[in-house]
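What follows is one structure encoded as structure tokens, with my remarks underneath.
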Amino acid sequence: MTRTAVYAIVRRVPRGKVVTYGQVAALAGTPRAARAVGQAMRRCPGGVPWHRVVNSQGRVSRRRHAEGMVSQRLLLEGEGIRFVRGRIDLRRYRWRVGFRPDLLPELE
DNA sequence: GACTTGACTAGAC
DNA sequence: AGTCTAGCCAAGT
């Protein structure tokens, strides 16, 4: 998995949707590289919707230097994503690739 | 090539 | 619901 691959994936996330670090890693073909995805996002080039990447709890991950940077939360709210008690409902906002309701197993 | 450093995570208390 | 821990992976030294 390369940084470039990460950016290519994140660029495809549409407005109003989010993905998790682990999810990006899986899409890149390296399921356990969530942490490396974070590394890639740290040096994110322009043109990449970095704010649409959140952690597995639906929260905005804390950075080492949180000063002088735009609020990820504000950007997401600007796209219509609602935060409830500092969290995002991933069941609702997670971007799914090739989601096929007709192929889901029976529930209950 | 051997450390070190994280925008990570799932599991275990 | 918090707090720890042990894995993990790519980059930077």
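Hydrogens, waters and symmetry mates are skipped; everything else that's a heavy atom, side chains included, is used. Residue numbers begin at 1 in each chain, while the letters A, B, ... track the order of the sequences. Nothing here was measured: the structure is a model prediction, and the numbers come from that model.
Contact footprint of chain A on DNA chain B: nucleotides with an atom under 4.0 Å from a non-hydrogen protein atom, first to last in 5' to 3' order, dT5(B) to dA10(B).
Using a 3.5 Å distance cut-off with no hydrogens or angles, the side chains of R3(A) and Y7(A) do pair a donor with an acceptor.
Dashed line: the shortest gap from a side-chain N or O of R42(A) to OP1 or OP2 of dA10(C) is not under 4.0 Å.
Nearest approach of V13(A) to P49(A), heavy atoms of both residues: O-CG, 4.4 Å. A36(A) approaches M1(A) most closely through the heavy-atom pair CB-CE, 3.6 Å.
Regarding R43(A), its CZ atom lies at a distance of 13 Å from the C1' atom of dC9(C), rounded to whole Å. Summarising the geometry, the separation between CZ on R59(A) and P on dT3(C) is reported as 12 Å, rounded to the nearest angstrom. At whole-Å resolution of the value, CZ in R62(A) and C1' in dT3(C) are 15 Å apart.
Within residues 72-91 of chain A, no residue places a heavy atom under 4.0 Å from DNA chain C.
Distance NE2/H51(A) to OG/S71(A): 11.0 Å, rounded to 0.5 Å. Interatomic distance, CZ of R87(A) versus CG of N55(A), reported as 8.5 Å (0.5 Å rounding).
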- [ ] Would you sketch DNA chain C in dot-bracket for me? Only Watson-Crick or G-U wobble pairs with both distances under 3.5 Å count, crossing pairs as [ ], other-strand pairs as |, the rest as dots.
- [x] .||||||.|||||
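Contact of the V19(A) side chain with the I9(A) side chain is not registered, since no non-hydrogen atoms from C-beta on lie closer than 4.5 Å. Side-chain atoms of F83(A) and I88(A), non-hydrogen and from C-beta on, do get closer than 4.5 Å to each other. Put simply, the side chain of W50(A) does not reach to within 4.5 Å of the side chain of V10(A), judged on heavy atoms.
Clustering ILVMFWY residues whenever any of their side-chain heavy atoms sit less than 4.5 angstrom apart, transitively, puts W95(A) in a cluster other than the one holding I81(A). With hydrophobic clusters built from ILVMFWY side chains whose heavy atoms lie under 4.5 angstrom apart, V54(A) does not share a cluster with V37(A).
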Open item on the list: Using side-chain contact (heavy atoms from CB on, under 4.5 Å), reason through R52(A) and R15(A) one step at a time and then give a plain yes or no.
Closed with: CA-CA 8 Å; R52(A) 308 214 254 250; R15(A) 275 179 55 94; 3.4 Å; yes
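Counting non-hydrogen atoms under 4.0 angstrom, A33(A) reaches the backbone sugars and phosphates but no base.
Each of R3(A) and R35(A) lies near DNA chain C, and the nucleotide nearest R35(A) is the one positioned closer to the 5' end.
The base of dG7(C) lies outside donor-acceptor range of the side chain of R32(A), with no N or O pair under 3.5 Å.
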